[in-house]
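As structure tokens, the structure follows; a few thoughts come after it.
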2 protein chains.
Amino acid sequence: MTRASSRRPGPPTRTERGIPEATVARLPVYLRALTALSDGGIATASSEDLATAAGVNSAKLRKDLSYLGSYGTRGVGYDVEYLRYQIAREIGVTQDWAVVIVGIGNLGHALANYSGFGTRGFRIVALLDADPNLVGERIGDMEVRDFAELEAIVEADRVSIGVITTPAGPAQEVCDRLVAAGVTSILNFAPVVLSVPDGVDIRKVDLSIELQILAYHEQRKSGEAALPQVPELPAMNGLTDLPSVGGGVGA
Amino acid sequence: MTRASSRRPGPPTRTERGIPEATVARLPVYLRALTALSDGGIATASSEDLATAAGVNSAKLRKDLSYLGSYGTRGVGYDVEYLRYQIAREIGVTQDWAVVIVGIGNLGHALANYSGFGTRGFRIVALLDADPNLVGERIGDMEVRDFAELEAIVEADRVSIGVITTPAGPAQEVCDRLVAAGVTSILNFAPVVLSVPDGVDIRKVDLSIELQILAYHEQRKSGEAALPQVPELPAMNGLTDLPSVGGGVGA
DNA sequence: AGGAGCTTGTGAACGTGAGAACAAAATCGG
DNA sequence: CCGATTTTGTTCTCACGTTCACAAGCTCCT
């Protein structure tokens, strides 16, 4: 992450185009809320209205928006269409991004069928799988193509975003191929930690991790003070007689 | 969020069972890394090894683990099986959690087929949908049941976790029904902000938001200094003649 | 038995994010 | 034209999260 080239200890130097990551993650939420308001025929909204629609605190919302510029009007609020366009432009969804999906199993299928692909701004240009039995299958108006065609497709369609929906096993190899082909942003649904070179962004969506986080809190609710205090395994103190493996993972 | 009842300004009072949220979110990752090491026949691993496998900094990993207790051995490392059990217990996946999935469209289908449901610890007890055409369909070894049966199922199977895979429209209503039926943790895949009463935990997984975050960074990479500086909409300064709608969203 | 060599657990420094509070700007009514 | 009212943009403070750096503790070798 090489951002903000020259940063002297002076003032934070706003407008250095340094939008905090936490804010970036919320902009899409605001965008969706604005779209909903717009569809509902609302032309103007206050930060309070927007915050409610987006499920956040209004002070936070105002601060987030202030990173983009001064797009509101004091005493009035924000023009919904105008703000929507500004956020869309800032995120980059005013242009179209070409996307490939690799791994057409259950989840890949589901994503391929995902009509509209959420908000506009993204265009699925290819569904890829290495399994010959799948290649050629039609899904919606697309056809599953051979993973071997990846490089040609990425180059031809200027693909910069790849979605990995393979099982854990082949995910890293698929990732490497995507990166080598020129993809610089990856959305990973496979339950593994992928390693990518600098300059490539990666985000992970993991169902079972989300469930486990819920389970943790759920356990707190039901048990609370009635937790079995440290029910350690029978006799694990005898760590003494371990072959000094010294780790077999990292180098 | 009523956690940590009495917190005086003294020392942080560790072992008050207050594990930071950021740490909780990483525990499942460590759990998976440990399982992988265990399957690979590794019996002991250092924080460095684990950190590499989990894709984090080793200092962070050690601090995270320290919230659970002192489960390592200085000069040696961590016993993989032992640590795995301790984390599993802390998260709560040593017991089984009953889960219902509501909305059996593309995504619901995919999740229903998701073999093993990631790590063990979760058991899908019902697939629900309100569409009569879907009710009765078999998916794997389960059958889609009518959403109307929700309350009976939740009570009979002690369901505490609900997964919403409906379209945006009905999601809030489904959510309300789940909560009313007694579900206290919800994983939401629908692209809306759900509101729930206190005491109910909710997590959101949103494909298009993830893509938009990637797009933002992608735009920075390609354009960098060559961004079209504020191409404002034609003439949006004329905000003056707006009907003072005053917001039509929150109350 | 004692010292050398590792690795954990944690205190402290630093950076980022959240929220309260308020000054600045814009509208509206008289 | 002026004051009251509304709502933004921003400043300040506090809490949270990350990283460094090192003492404490364990093992192994001589």
Side-chain angles (χ1 to χ4, degrees), chain A residues 1 3-4 7 9 11-15 18-26 44-52 54-79 82-83 86 237-247 250, chain B residues 1 3-4 7-9 11-15 18-27 44-52 54-79 82-83 86 237-247 250:
Chain A
M1 287 290 173
R3 219 149 283 163
R7 177 170 288 267
T13 326
R14 266 314 110 64
T15 322
I19 299 183
E21 195 55 34
T23 296
V24 171
R26 280 187 296 266
T44 307
S46 70
S47 62
E48 201 66 52
D49 297 334
L50 277 177
T52 310
V56 301
N57 173 306
S58 72
K60 181 150 63 179
L61 180 134
R62 284 201 301 278
K63 187 182 283 195
D64 283 344
L65 294 186
S66 79
Y67 289 120
L68 313 190
S70 270
Y71 294 141
T73 309
R74 297 175 191 224
V76 177
Y78 299 90
D79 180 87
Y82 181 56
L83 183 57
Q86 292 299 342
N237 308 14
L239 299 189
T240 328
D241 54 348
L242 287 170
S244 56
V245 178
Chain B
M1 285 288 174
R3 220 147 281 161
R7 179 169 284 269
R8 59 228 130 99
T13 327
R14 268 314 113 62
T15 323
I19 298 183
E21 194 54 35
T23 296
V24 171
R26 279 187 297 264
L27 290 181
T44 308
S46 70
S47 63
E48 201 65 52
D49 297 334
L50 277 177
T52 310
V56 301
N57 173 307
S58 72
K60 179 148 65 178
L61 180 133
R62 284 201 301 279
K63 180 158 282 200
D64 283 343
L65 293 186
S66 79
Y67 289 120
L68 313 190
S70 269
Y71 294 141
T73 308
R74 296 175 192 226
V76 177
Y78 299 90
D79 180 87
Y82 181 54
L83 183 58
Q86 293 298 343
N237 308 14
L239 298 189
T240 328
D241 53 349
L242 287 170
S244 55
V245 179

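Below, chain A is the first sequence line, B the second, and so on; all start at residue 1. The figures here come from the full heavy-atom set of this structure, side chains too, leaving out hydrogens, waters and symmetry mates.
Nearest to the side-chain atoms of B/S66 among the listed nucleotides D/dT18, D/dA23, C/dT10 stands C/dT10. Side-chain proximity of A/S46 to the nucleotides D/dC26, C/dA18, D/dT7 is greatest for D/dT7. In this structure, of C/dG17, D/dA24, C/dA23, it is C/dG17 that holds the atom nearest to the side chain of A/P20. Residue B/A22 has its side chain nearest to D/dT18 when only C/dG17, C/dA20, D/dT18 are considered. Side-chain proximity of B/V76 to the nucleotides C/dA26, C/dT8, D/dT27 is greatest for D/dT27.
Going from atom OG of A/S58 over to atom CG of A/L61 covers 7.5 Å, rounded to the nearest 0.5 Å.
In this structure, CZ of A/R62 is placed 10 Å from C1' of D/dT10, rounded to the nearest angstrom. The distance from atom OH of B/Y67 to atom P of C/dT8 is 17 Å, rounded to the nearest whole Å. In this structure, B/E21 places its CD atom 18 Å from P of D/dA15, rounding to the nearest Å. Going from atom CD of A/E48 over to atom P of D/dT5 covers 19 Å, rounded to whole Å. We find that OH of B/Y78 is positioned 13 Å from C1' of C/dC6, with the value rounded to whole Å. Between the C1' atom of D/dT10 and the CG atom of A/D64 lies a distance of 14 Å, rounded to the nearest Å. Atom CG in A/L65 sits roughly 16 Å away from atom P in D/dT7 (whole-Å rounding). The distance between atom CG of A/L68 and atom P of D/dT8, rounded to the nearest whole Å, is 15 Å.
A heavy-atom distance below 4.5 Å is found between the side chains of A/L50 and A/L83. Taking the side chain as every heavy atom from C-beta outward, A/T44 and A/T73 never approach each other to under 4.5 Å.
Residue side chain B/K63 reaches the base of D/dT19 through a donor-acceptor N/O pair under 3.5 Å, judged by distance alone. A donor and an acceptor atom sit less than 3.5 Å apart, one in the side chain of B/R74 and one in the base of C/dT8. In terms of polar N and O atoms assigned as donor or acceptor, the side chain of A/K60 never comes within less than 3.5 Å of the base of C/dG17 in a complementary pairing.
Taking the side-chain contact (heavy atoms from CB on, under 4.5 Å) definition, one finds that B/A59 meets it with B/N57, B/R62, sequence neighbours left out. For A/R26, the salt bridge (Lys or Arg N to Asp or Glu O under 4.0 Å) partners are A/D64, not counting sequence neighbours.
The shortest heavy-atom contact between A/Y78 and A/S46 is CD1-C, 4.4 Å.
OP1 or OP2 of C/dG9 sits under 4.0 Å from a side-chain N or O of B/S70. OP1 or OP2 of D/dC20 sits under 4.0 Å from a side-chain N or O of B/N57. Using a 4.0 Å cut-off, some side-chain N or O of B/S47 falls inside it from OP1 or OP2 of C/dT8.
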Dot-bracket line, read 5' to 3' along DNA chain C, where crossing pairs take [ ] and | marks a partner on another strand, Watson-Crick or G-U under 3.5 Å: ||||||||||||||||||||||||||||||

